[in-house]
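Owing to the predicted nature of the structure, the values given are computational and were not obtained by experimental measurement.
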Amino acid sequence: MKLLLSQLITEALATLHRAEQLPVTATEVRIERTRDRAHGDFASNIALVLAKTARRKPRDLAELICQTLPTSAQIERVEIAGPGFINFFLAPAAYHAVIDTVLSQAEHYGRSTAGTGRKLQIEFVSANPTGPLHVGHGRGAAVGDSLARLLATQGWQVSREFYYNDAGQQIHNLTASVHARLQGLTPEDGAWPVDGYRGEYISDVAAAYQTGETVVADDRQVTAQADPTASDAIRDFAVAWLRREQDHDLHAFDVRFDHYFLESSLYTQGKVEDTVARLITQGFAFEHDGALWLRTTEFGDDKDRVMRKSDGGYTYFLPDVAYHVDKWQRGFQRVINEQGADHHSTVTRVRAGLQALGIGIPPGWPEYVLHQMVTVTRGGEEVKISKRAGSYVTLRDLIDEVGRDATRFFFVMRKVDSQLVFDIDLARSQSLDNPVYYIQYAHARICSVQRQLGEKGLSHDIADGQAHYSTLTAEHEDQLMVLLARYPEVLQAAAEQLEPQLLAQYLRDLAQGLHTYYTAQQFLVEASGLRNARLNLITAVRQVIRNGLELLGVSAPEVM
RNA sequence: GCGCCCGUAGCUCAGUUGGAUAGAGUGUCGGCCUCCGAAGCCGAAGGUCAGAGGUUCAAAUCCUCUCGGGCGCGCCA
């Protein structure tokens with residue numbers, strides 16, 4: 001519809017130009033939905049934009065454009081308002097069409113094929129297997145997965161990736177902790193490793209190792225050797241055990257990855273070495289104080305960065321760059337990294353490293369979505385400690401306490417770049433103040449009406465409803481149809497701007513529209529035409545709520 | 001000190017990427033169940049969009065500065 005209106009105006013402008021009424025040729029004409037229904041359905045500010053170059057008053061120009069505008073069956077009337085906006089009021093038939101579109105496209109409604117076939121990768125969570133996932137990972141999981149689903153609706157071929165370090169210093173600390181536990185030590189003992197982990201799970205890992213358990217994670221399977229001195233075996237088992245723990249939480253969150261990537265593979269496959277060599281030949285590397293540096297300041301960084309330490313080891317910066325080279329070589333047009341904002345300093349660095357390689361990677365590649373910190377409150381007080389992890393609140397704590405639906409929704413309902421206060425009491429409450437239940441309730445209510453229909457011995461005749469759309473004259477019906485029509489636009493905006501909260505916000509609006517309508521009108525009325533028309537409408541609303549919640553990983557229950 | 005993010009109703013936050021009279025929820029106050037589910041609906045009250053300049057037909061939105069909060073600033077990851 002936006003496209004149609006834009007074309008009509010462009011035609012009008014061209015006509016005026018030919019008639020020498022307008023000195024400028026066509027510019028890009030943008031059509032917006034109005035904020036206020038009194039201003040019609042769509043508006044164009046073109047007269048305001050062109051007023052200066054046309055050297056006419058905005059309202060006069062708007063008048064001229066309106067008179068020249070080709071007619072369309074979709075448009076009932078056009079008005080000029082305010083400082084010179086052109087407001088379009090759609091014909092009722094244009095509204096009614098959206099109901100049929102939703103009903104016929106069903107779960108596909110709202111999707112676009114614009115990006116068909118283009119490959120996109122989104123990396124998120126990427127937690128090292130040294131402990132349970134914390135609430136920050138939870139936000140990352142919810143945001144990353146919803147973005148993946150949203151981008152898929154726009155036709156992108158999306159791959160979800162999880163990157164982790166299975167062999168570095170942190171893993172060494174993990175191994176040492178489990179080893180110490182196997183020796184009978186506890187975190188309270190003086191001999192406990194200084195950088196060791198102190199959560200309860202260390203004991204669980206040690207116990208499982210001793211009994212020779214076999215653990216199966218999504219990306220690996222290991223059977224414990226039960227030998228308390230075999231540190232490689234302990235390490236492999238501990239990593240697998242914690243990966244399984246993380247997978248357990250991720251599954252409970254309905255998050256699945258297509259690919260797990262090991263940092264160690266960058267070394268074993270020589271990719272780190274290749275990257276260093278390439279950076280040296282490109283001439284951006286230099287030696288200083290016994291270390292090898294990269295002149296990242298050439299590419300916007302505020303200081304140069306060490307690649308190879310004076311002790312011969314690499315800093316994390318280099319495998320990061322090598323990893324992204326690998327992503328590039330795998331052919332992803334777009335790569336999005338979803339991380340906590342505490343990693344924001346790596347953005348410039350990684351991009352600088354990739355530019356220094358000179359292998360044709362665009363300057364803004366990869367893209368980043370950085371979510372701000374999460375704090376958890378209960379009873380108005382900040383919650384900090386989890387017994388399970390020893391120090392931080394885990395994702396599992398949250399899911400166990402408030403459930404998957406509320407947890408996922410709460411994580412995506414705010415802008416990612418705002419700090420998030422996760423109020424456990426609010427998320428738990430199955431009452432008026434919980435936005436998740438509000439939306440789900442709207443869905444369940446529609447299902448309930450459909451059940452009542454059967455109990456009354458009636459059936460839903462879609463065709464009869466279609467023949468009686470003209471009876472849908474209530475204000476609330478009008479508003480719901482507009483909301484339904486907006487859904488594809490919301491998906492497109494949320495995917496384009498990488499902002500899932502737009503969808504969460506929209507679903508709340510749609511649910512509100514339904515609740516208001518529900519209270520104001522009876523659906524199961526005597527008159528069958530009106531009844532079927534209303535059933536068509538609320539069935540379409542139900543479909544869109546389902547589609548939208550699905551993208552946020554939230555269930556759409558038929559009964560609550 | 002430098003960099004990034006944030007600052008909107010008492011509280012938690014939206015705000016269609018510069019548009020028309022700033023919006024929800026919650027909290028407060030007042031109404032609505034003989035009626036498809038009251039986990040709901042309707043109404044009232046509540047604002048110097050942190051502050052000051054600037055850009056323009058138009059600024060919560062863009063630019064500069066100030067104040068306040070968060071996160072980073074390692075030859076750690």
**Study point:** Between B:C71 (C1') and A:Gln419 (CD): distance, integer Å
**Key:** 8 Å
Review point. What is the nucleic acid contact for A:Thr516, judged by heavy atoms within less than 4.0 Å: base, sugar-phosphate only, or nothing?
Key: sugar-phosphate
Exercise for review: Side chain of A:His515 only, please: which of B:C41, B:A14, B:G37 is the nearest?
Suggested key: B:C41
Check your understanding: Distance between the P atoms of B:G47 and B:U66, in whole angstroms?
Key -> 31 Å
Exercise for review: Identify whether the distance between the nearest side-chain nitrogen and carboxylate oxygen of A:Lys271 and A:Asp326 falls below 4.0 Å.
Suggested key: yes
Point to revise | Donor + acceptor pair across side chains of A:Arg37, A:Gln479 (<3.5 Å) | key: no
Exercise for review: For the side chain of A:Glu32, starting at C-beta, report the closest nucleotide among B:G19, B:G70, B:A77.
Suggested key: B:G19
Exercise for review: Could you please name the option among B:C75, B:A14, B:G74 that lies closest to any side-chain atom of A:Lys303?
Suggested key: B:G74
Study note, to complete from the structure: From CD1 of A:Ile439 across to C1' of B:G25 the rounded distance in Å is 12 Å
Check your understanding: Cut-off 3.5 Å, side chains only: do A:Asp41 and A:Tyr95 have a donor facing an acceptor?
Key -> yes
**Study point:** Nearest-angstrom distance, P atom, B:C6 to B:A14
**Key:** 10 Å
Check your understanding: In whole Å, what is the span from the CZ atom of A:Arg508 to the P atom of B:G40?
Key -> 10 Å
Revision key, fill the gap. Which of B:C36, B:C57, B:C75 is nearest the side chain of A:Phe523? It is B:C36
Study note, to complete from the structure: Rounded to whole Å, CZ of A:Arg414 lies from P of B:G25 at a distance of 13 Å
Check your understanding: How far, in whole Å, is B:U12 from B:G70 if one measures between their P atoms?
Key -> 15 Å
Check your understanding: Going by atom types only, do A:Asn337 and A:Glu367 share a side-chain donor-acceptor pair under 3.5 Å?
Key -> no
Exercise for review: Decide, yes or no, whether a salt bridge links A:Glu477 with A:Arg534 under the criterion of side-chain N to carboxylate O below 4.0 Å.
Suggested key: yes
Exercise for review: In plain terms, say whether A:Glu79 and A:Arg77 are close enough for a salt bridge, that is, a side-chain N and a carboxylate O under 4.0 Å apart.
Suggested key: yes
Exercise for review: Report yes or no: is there a donor-acceptor pair, N or O only, under 3.5 Å between the side chain of A:Ser345 and the base of B:G72?
Suggested key: no
Review point. Roughly how many Å is it from OH in A:Tyr506 to P in B:C13, rounded to a whole number?
Key: 25 Å
Study note, to complete from the structure: Rounded to whole Å, CZ of A:Arg486 lies from P of B:G15 at a distance of 12 Å
Practice item. Would you indicate which nucleotide in B:G37, B:G19, B:G7 comes nearest to any side-chain atom of A:Phe85? Key: B:G19
Exercise for review: Check whether the side chain of A:His344 and the base of B:G3 form a donor-acceptor pair under 3.5 Å.
Suggested key: yes
Review point. Across the strands shown, which category fits A:Gln339 at heavy-atom distances under 4.0 angstrom: base, sugar-phosphate, nothing?
Key: nothing
Review point. Of the candidate nucleotides B:C41, B:G15, B:C75, which contains the atom at the shortest distance from the side chain of A:Trp293?
Key: B:C75
Point to revise | C1' spacing across the pair B:G19 / B:A38, given as an integer number of angstrom | key: 39 Å
Study note, to complete from the structure: Between NZ of A:Lys415 and P of B:U12 the distance, given in whole Å, is 15 Å
Revision key, fill the gap. note: A:Arg35, atom CZ; B:G18, atom C1'; distance rounded to Å ~ 11 Å
Check your understanding: Ring of A:His39 versus six-membered ring of B:A20: centres under 5.5 Å and planes under 30°?
Key -> yes
Review point. Nearest to the side chain of A:Gln501 - B:A14, B:C75, B:C36?
Key: B:A14
Check your understanding: Going by modelled atom types, is there a donor-acceptor pair between the base of B:G19 and the side chain of A:Asn45 at under 3.5 Å?
Key -> yes
Practice item. Looking only at side-chain atoms of A:Thr34, point me to the closest of B:A14, B:G37, B:A20. Key: B:A20
Practice item. For A:Tyr314 and A:Glu273, test the side chains for any donor-to-acceptor distance below 3.5 angstrom and give the result as yes or no. Key: yes
Point to revise | Separation between the C1' atoms of B:U17 and B:U61, rounded to whole Å | key: 9 Å
Review point. With no angle test and no hydrogens, is the base of B:A77 tied to the side chain of A:Asn173 by a donor-acceptor pair under 3.5 Å?
Key: no
Exercise for review: Kindly say whether, by distance alone, the side chain of A:Ser310 makes a donor-acceptor pair under 3.5 Å with the base of B:C75?
Suggested key: yes
Exercise for review: Look up atom CD1 in A:Ile538 and atom CG in A:Leu480, then write down how far apart they are to the nearest 0.5 Å.
Suggested key: 10.0 Å
Practice item. Using the P atom on both, measure B:G46 against B:G23 and round to a whole Å. Key: 15 Å
Practice item. Identify all stems in which RNA chain B takes part, counting only runs of at least 3 consecutive pairs (Watson-Crick or G-U wobble, each distance under 3.5 Å), and give each as one range with another, ordered by first number. Key: B:1-7 with B:67-73, B:10-13 with B:23-26, B:28-32 with B:40-44, B:50-54 with B:62-66
Practice item. Can you check whether any acceptor in the base of B:A77 is under 3.5 Å from a donor in the side chain of A:Tyr316, or vice versa? Key: yes
Check your understanding: Quick one: do the A:Gln505 and A:Gln501 side chains pair a donor with an acceptor below 3.5 Å?
Key -> no
Check your understanding: With a 4.5 Å heavy-atom cut-off, do A:Arg542 and A:Gln450 have their side chains touching?
Key -> yes
